[in-house]
Each structure stands twice: as structure tokens, then as C-alpha cells.
Amino acid sequence: MPRKGVVMREIVFGLVGRGLERLVGEGVLPGEVLAAFPGAGTEIKVERPRERSHGDFSTNAALVLARLAGMKPRDLAQRLLSAMPADLLDGVRCELAGPGFVNFHVSPERLRNVIPVILQRGADYGHSRAGNGQRVLVEFVSANPTGPMHVGHGRGAVTGDVIARLLSAIGCAVEREYYINDAGAQIDVLGRSVLYRYREALGCPTEPPADHYPGEYVIDIARALIARDDKKWLATPLSGKPPVEVVDLAIELVMGEIRSDLESMAIHFDHWFSERTLHAEGGITRVMAHLQANDLIHEGVLEPPKGREISPEEQDDRLQVLFRATRFGDDADRPLMKADGTPTYFAADIAYHFDKARRGYTRLIDVWGADHGGYVKRVQAALEAMTGQKELLDVVLTQMVNLTQGGKQVRMSKRAGTFVTLREVLDETGSDAVRFWFLTRSSGAGLDFDLDLAKSRSNDNPVFYVQYAHARVHSVQNKLKERGLSDEEGDLARLTAQEELDLIRLLGMFPETVESAALSREPHRLTYYLSDLAAMFHGYYNNYRILDEDPGLRGARLALVRATGRVIANGLDLLGVSAPESM
RNA sequence: GUCCUCGUAGCUCAGUCGGAUAGAGCAACGGAUUCCUAAUCCGUAGGCCGUGCGUUCAAAUCGCGCCGGGGACACCA
């Protein structure tokens with residue numbers, strides 16, 4: 001009898017692996033085939049067939065290896081079939097199918113085994129060690145401290161946080177980091193914007209600075225500045241660099257808002273990394289020296305941008321310091337120094353990412369808005385230049401969020417200061433709706449967020465749909481007590497209906513869903529899984545009485561229902577969404 | 001012009017980094033309620049997977065070329 005807790009998929013991998021070993025031993029196949037299997041480098045796969053009649057698992061091994069063996073695929077498949085060890089075959093029926101697939105049908109007895117496994121492992125079910133203890137740093141949000149978060153930032157926030165949760169679940173050591181761009185030109189703009197509103201509030205208005213942030217929040221900061229410093233800054237000019245004391249207060253207040261928004265969505269960071277520390281601690285000079293020493297910097301003239309017309313006056317023929325990004329696959333060499341002698345944002349970003357690498361993470365993940373997509377190559381290029389490591393950094397890009405209400409689009413414009421903030425949306429719909437909804441699409445696809453639907457208590461609202469499935473699980477159990485029915489262990493063999501076996505199969509796929517969502521950095525896979533699971537459960541619930549009079553059957557169905565509730569709860573937990581027991 | 005991204009049912013999108021007869025939700029149409037929450041479910045209909053070539057035993061998936069949408073393209077971040 002196979003051990004409880006061993007995932008079915010692993011057993012099938014074992015079957016195929018041992019079968020191949022034997023064929024190698026018999027000289028049918030060359031030894032190399034074993035080196036790769038079941039790693040990533042092989043074409044040989046064990047997968048879940050779409051078609052149910054094709055079984056629970058299927059392998060293409062014979063199709064892939066037919067040429068190497070000099071045999072027809074079906075003949076090789078037949079050899080593989082007879083080479084598989086009988087001791088692992090308990091409850092698994094294998095057959096040759098199609099052009100040379102070997103299909104594995106798992107018996108109902110074996111399938112049902114997952115129910116006690118889920119109930120035993122509880123909150124741990126779905127967790128694994130597939131991540132192999134890797135140290136991963138996920139950097140996300142990193143919204144500039146120049147204004148409140150908008151919904152687009154929110155999407156990045158949820159995406160990053162759930163990627164981090166998923167990676168933890170598969171056994172990675174994950175840390176979350178927020179990069180604060182608290183140095184640079186946009187911060188000066190913020191400072192001047194505050195001074196402008198400050199003078200306005202004190203009754204000494206001036207012309208607004210050429211570039212300024214129009215939002216209400218700037219006025220709030222100005223008021224706070226008055227409260228703290230009174231008229232101290234009235235004589236300060238609105239051009240040039242604003243005083244540090246003013247800028248720092250502004251950053252502190254804006255970051256306070258951002259932190260509280262994140263807090264409302266239960267997003268916690270391990271590190272808040274300030275760009276200023278890079279400048280202060282010489283990180284940038286270190287990077288420049290390193291690049292210089294490796295002949296990765298040269299002086300050159302920047303090619304004019306291709307996308308727009310450049311007037312002759314605008315044209316810049318100046319020699320400047322460029323990083324040889326083209327050596328690492330980027331389209332152009334990128335500037336490291338501004339005309340005023342200060343480093344570019346890119347230079348700081350190299351230093352920042354190099355700093356991450358030096359902290360010893362085996363993997364870096366950045367979540368950016370899609371509008372920064374053009375930036376991916378150069379940062380990856382720089383990181384490779386600094387560390388010699390390729391593919392250390394994964395960048396996940398999130399597309400825009402369109403807010404709608406009653407079918408009409410809610411217009412957002414940062415320039416006009418009328419954008420709808422994340423805070424407003426959170427107050428309107430709540431964290432659960434926002435978190436779940438932001439993951440109902442792959443991050444690369446645009447997303448419509450319907451404010452009305454997201455807070456509606458209807459089956460059209462995917463959040464409620466899944467949460468309600470969970471609530472139902474508990475509602476049945478309450479009913480059981482209410483009626484004073486006995487809660488016996490039940491006989492799982494009584495679960496013979498097609499719907500029951502399908503539900504059980506789906507429960508068994510939860511761990512691999514978590515794993516694939518984590519490894520591919522695609523949290524939406526989990527969202528889809530939960531919606532499917534909820535749908536299947538609702539269907540089952542509607543067509544079968546859980547609280548049957550027969551205690552044996554009742555107990556079995558209750559176990560299935562509880563296992564389903566467990567999986568939904570675990571899944572929602574990975575999404576950071578609550579699993580209410582009643583609604 | 002270059003790079004990124006997307007193109008799948010009327011609409012919004014999945015499709016597990018090549019698998020066997022391409023899925024879901026919404027919308028449309030037809031049903032289910034003396035019953036554990038109808039906040040739910042069941043059924044019908046709907047497709048040249050943008051397009052052409054190529055790679056392969058096998059392509060919605062990979063490569064190249066077009067077509068179309070979105071985004072990014074010098075010392076802003």
C-alpha cells in the first residue's frame with residue numbers, strides 16, 4: 001500500500017523514470033535519456049491530459065524517444081509499458097494510446113486518498129519544497145513618494161505580494177522590498193509644489209512653478225508645513241532646489257499614506273530601500289568604477305530618439321558617459337551622467353540592483369508597470385555586466401487598470417489631479433475585492449475593474465462566488481449540528497458519483513497549481529483554479545444532498561466538503577483574501 | 001523607424017514555457033426552488049485560435065515575414 005501523502009504525480013514520475021531506466025538497462029535506449037529526466041532540460045513530460053478519457057496523467061516519452069531508439073513510437077510505448085515496475089502500479093492502470101502516449105488511470109480508491117491527506121495536512125496542504133530553499137527578493141510597488149497610490153500601483157502591489165506568498169509556499173526564502181525614489185528631480189518638483197501651496201495658504205500667492213503636482217494632497221502637506229514651521233519658508237524661491245526640511249516632510253507624509261494604503265491590503269515589506277542611501281554610501285561611484293575597470297563605459301554622443309522629431313536646438317551632440325548596454329543585448333548604450341554632473345536614474349538603478357545581488361539572493365524579481373517595459377533590457381544588461389550572471393532578474397510587467405462604474409469608464413488623469421486613488425477604491429470595495437479582482441487576469445493583460453460589480457453580492461462577482469463556496473462548507477456543518485445529526489467518519493468508498501470524483505481530482509491538483517503559479521510568477525492561475533473549484537463545488541452541492549440520512553454516506557460527503565473548504569481557504573490565504581465562514 | 005506586449009466564441013479573457021476532439025464567465029435562448037443559503041445550479045447555441053510560410057511524429061503554443069491594437073524609446077523616474 002503506497003504511503004499517504006505522496007502526491008500522485010510523483011508516483012507517475014517514478015513509474016516513467018523506473019521504466020526508462022530498465023529500457024536503458026536492456027539497451028533499448030541510450031543512457032543519456034536518464035540524465036535529464038525529470039528535469040527541465042528534457043522534452044519528456046508527465047502531464048494532465050485535457051481529455052478525461054485519456055486518464056489522469058499521460059507521458060509522451062515514447063513519442064520523444066522513438067527516434068533515439070530506432071523504433072516506432074507505439075512499439076516503444078509498448079516496451080515502456082511492460083518495463084514499468086509492478087510495485088508502483090497499485091491502483092494505477094496504464095495503457096497505450098493514440099500515436100504513442102502512455103496514459104495512466106488512477107483508481108477511485110487512490111484518488112479518494114487525497115481527502116484524508118488534505119484534512120490531515122490542513123493549512124499546509126498545497127505547500128511544498130519545490131522552491132528548493134532559494135533566496136528570492138521581490139521588489140514591487142516602489143511608487144514614487146510624490147503622490148498617493150493609484151489603482152495601477154495597487155495592481156502591482158497585489159501581484160508582487162501574491163508572487164511572494166506563492167514562492168514562500170513552495171519553500172523559497174522570500175523577502176519583500178520597496179524602493180523609495182527619494183532623490184532626483186521629481187522630488188524637487190514635489191518640494192516646489194508644496195512651497196507654492198504653502199504661500200497660497202499663507203495668503204502670499206505666486207505664479208505656480210512651471211512643473212508642479214496639482215493634487216489636493218499637496219495642499220495638505222503645505223498645511224502641515226505651516227503647522228510645523230509657520231512662516232519660515234516664505235522667502236524661499238520657487239525655483240531651484242527646495243530646502244531639505246520641506247522635501248523631507250513631504251516625503252514623510254506621502255510615504256505615510258502609501259504605507260497605510262498597503263497596510264489596508266495586508267501588504268508588509270521587509271525592507272524599505274532609500275535611493276538616497278545609494279548616493280550617500282558611494283554605491284554609485286562603486287558601480288562606475290567597476291564598469292570603468294571592465295571597459296564597459298565609453299564617451300559618446302547619444303543617438304537622437306526615434307519616436308519624435310528633434311529640433312536642431314534640442315539636439316544634443318555633447319559627448320557623455322555611456323554604459324555599453326549593447327554588449328548585453330540592449331538596443332542602445334545608455335547614459336549614466338546628467339549634464340549637471342549628477343548620476344542618472346539608471347546609474348542609481350544599476351547600483352541598487354547590484355546591491356540586491358550582493359546581498360546574496362539567488363533570484364531577483366521586480367514587478368513594474370508596463371510603461372516601464374522599455375527599461376527591462378538595460379537593467380538586465382547592467383546586472384549581467386556587474387555580476388556576470390545572466391537571468392538573475394525576472395521582471396513581471398503589469399498592464400493598466402481601467403476603472404469602470406455601471407459600464408462607464410472612470411477617467412483617470414494624474415496631470416489634472418483627478419485620478420481615482422487606490423484609497424478611494426479600497427474604501428469603496430474593500431481589500432478582498434481589490435486583491436482578488438486584480439488577479440483575475442494575467443498581469444500582461446489590461447484589466448477592467450468594475451466598482452459596482454466588485455462590491456456586489458452576486459454570482460457575477462468572482463470574489464463573492466469563491467468566498468460563498470467557502471461559506472457554504474461551513475453552513476452545511478452548522479446545519480449538521482442544528483439537526484443533531486451524527487458526525488461519523490463515513491466510508492469514502494461511497495463517493496462514486498462522477499461529480500464527486502471530478503471534485504476529488506481537482507482537489508488533488510491544488511499543489512501543482514500553486515507550484516506552477518509560483519514558478520511562472522503568474523498568480524492569476526490560482527485565481528482561475530479557485531473559481532473552477534468553487535464552480536464545481538456549487539454544482540455538486542446543488543445536485544447532491546450532503547447531509548444524507550445514511551451516516552456512512554453523509555460522513556464521506558462531509559469529508560469531501562471539508563476538504564474542499566480547506567483547499568479554498570488555503571487558496572484564498574495565498575491570495576491574501578479572507579475566507580468567511582458565513583456571509 | 002527600433003524594442004516590448006497583445007490578437008482565441010458577439011463581449012471580457014483562460015489555455016499548465018509543443019500534445020490527442022481548444023475552454024470559462026458575461027450576453028442570448030430554454031429549464032430547476034415544499035430541499036443543507038436561488039448570493040446557487042442544469043441545459044442549448046456560439047471558433048479559419050489575426051494572416052502566410054517554416055520547424056516537428058504533433059503548433060493556439062516555437063521561428064521568420066506581413067496585418068491590426070496598446071505601450072516604451074537622449075542626461076524624467
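For the numbers below, each heavy atom of this structure counts, side chains included, while hydrogens, waters and symmetry mates do not. Chain letters run A, B, ... following the sequence lines, proteins first and then strands; every chain starts at 1.
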Report task. May I ask you to verify if any side-chain N or O of A/R50 is less than 4.0 angstrom from the OP1 or OP2 atom of B/rA60? Result -> no
Query raised in the report: Nearest to the side chain of A/R472, which nucleotide is it out of B/rA38, B/rG19, B/rA20?
Result: B/rA38
Report task. Using a heavy-atom cut-off of under 4.0 Å over every strand shown, decide if A/R48 touches base, sugar-phosphate, or nothing. Result -> base
Report task. Indicate, with a heavy-atom threshold strictly under 4.0 Å, whether A/H54 touches base, sugar-phosphate, or nothing. Result -> base
Requested in this report: Would you mind classifying the nucleic acid contact of A/F346 as base, sugar-phosphate or nothing, using non-hydrogen atoms under 4.0 angstrom?
Outcome: nothing
Report summary line: For B/rA72, the nucleotide meeting Watson-Crick or G-U wobble distances (both under 3.5 Å) is B/rU2
Requested in this report: Look through every strand shown and name the nucleotide pairing with B/rG63 as Watson-Crick or G-U wobble, where both distances are under 3.5 Å.
Outcome: B/rC53
Report task. Would you mind telling me which of B/rC4, B/rG19, B/rA77 lies closest to the side-chain atoms of A/Y375? Result -> B/rA77
Query raised in the report: Picking from B/rA77, B/rC41, B/rC36, which would you name as closest to the side chain of A/A185?
Result: B/rA77
Report summary line: Partner of B/rG18 under the Watson-Crick or G-U wobble criteria, both distances under 3.5 Å, comes out as none
Query raised in the report: Reckon A/P73 touches a base, only the sugar-phosphate, or nothing at all at heavy-atom distances under 4.0 Å?
Result: nothing
Query - Listed nucleotide nearest any side-chain atom of A/K377, set B/rC3, B/rA72, B/rA14 - result: B/rC3
Query raised in the report: In whole angstroms, how far is the P atom of B/rA77 from the OH atom of A/Y352?
Result: 16 Å
Query raised in the report: Where the side chain of A/L63 is concerned, which of B/rA14, B/rG19, B/rC36 is the nearest nucleotide?
Result: B/rG19
Report task. Would you please say whether a donor-acceptor pair under 3.5 Å links the side chains of A/S443 and A/R521? Result -> no
Requested in this report: Remember a base hit wins even if backbone is also touched, and classify A/N60 as base, sugar-phosphate or nothing at under 4.0 Å, heavy atoms.
Outcome: base
Requested in this report: Look at all strands and tell whether A/M400 reaches a base, only sugar-phosphate, or nothing, counting heavy atoms closer than 4.0 Å.
Outcome: nothing
Requested in this report: Please check the phosphate of B/rG15 (OP1 and OP2 only) for any side-chain N or O of A/H524 closer than 4.0 Å.
Outcome: yes
Report task. Please determine, for B/rA24, whether a Watson-Crick or G-U wobble partner exists with both distances under 3.5 Å, and give it or none. Result -> B/rU12
Query - Residues A/D330, A/K377: salt bridge by 4.0 Å N-O rule - result: no
**Report entry** Distance-only side-chain donor-acceptor flag, A/Y345 / A/Q186, under 3.5 Å
**Finding:** no
Query raised in the report: At under 4.0 Å between heavy atoms, what does A/G539 touch on the DNA or RNA strands: base, sugar-phosphate, or nothing?
Result: sugar-phosphate
Report task. Indicate, with a heavy-atom threshold strictly under 4.0 Å, whether A/E47 touches base, sugar-phosphate, or nothing. Result -> base
Report summary line: Among B/rG15, B/rG19, B/rA14, the one nearest any side-chain atom of A/S442 is B/rA14
Query raised in the report: Within the structure shown, what part of the strands sits under 4.0 Å from A/S475 by heavy-atom distance: base, sugar-phosphate, or nothing?
Result: base
Query raised in the report: Quick one: is B/rC41 close enough that its OP1 or OP2 comes under 4.0 Å of any side-chain N or O from A/Y465?
Result: yes
Report summary line: To the nearest 0.5 Å, atom CG of A/D355 lies from atom CD1 of A/I284 at 11.0 Å
Query raised in the report: Just by modelled atom types, is the A/E95 backbone N or O under 3.5 Å from a matching donor or acceptor in the A/N103 side chain?
Result: no
Query raised in the report: Any N or O donor-acceptor pair linking the side chain of A/S531 to the base of B/rA24 at under 3.5 Å?
Result: no
Query - Spacing of A/E139 atom CD and A/F273 atom CZ [to the nearest 0.5 Å] - result: 10.0 Å
Query raised in the report: When you measure from the side chain of A/F101, which nucleotide among B/rC41, B/rG19, B/rA77 comes out closest?
Result: B/rG19
Query raised in the report: Of the nucleotides B/rC41, B/rG71, B/rC13, which one has an atom closest to the side chain of A/D371?
Result: B/rG71
Report summary line: Regarding the side chain of A/N103, the nearest nucleotide among B/rA20, B/rU2, B/rC36 is B/rA20
Query raised in the report: Counting side-chain heavy atoms from CB outward, which of B/rC41, B/rA77, B/rU16 is closest to A/R525?
Result: B/rU16
Query raised in the report: How is A/D460 classified with respect to the nucleic acid when contacts are heavy atoms under 4.0 Å: base, sugar-phosphate, or nothing?
Result: sugar-phosphate
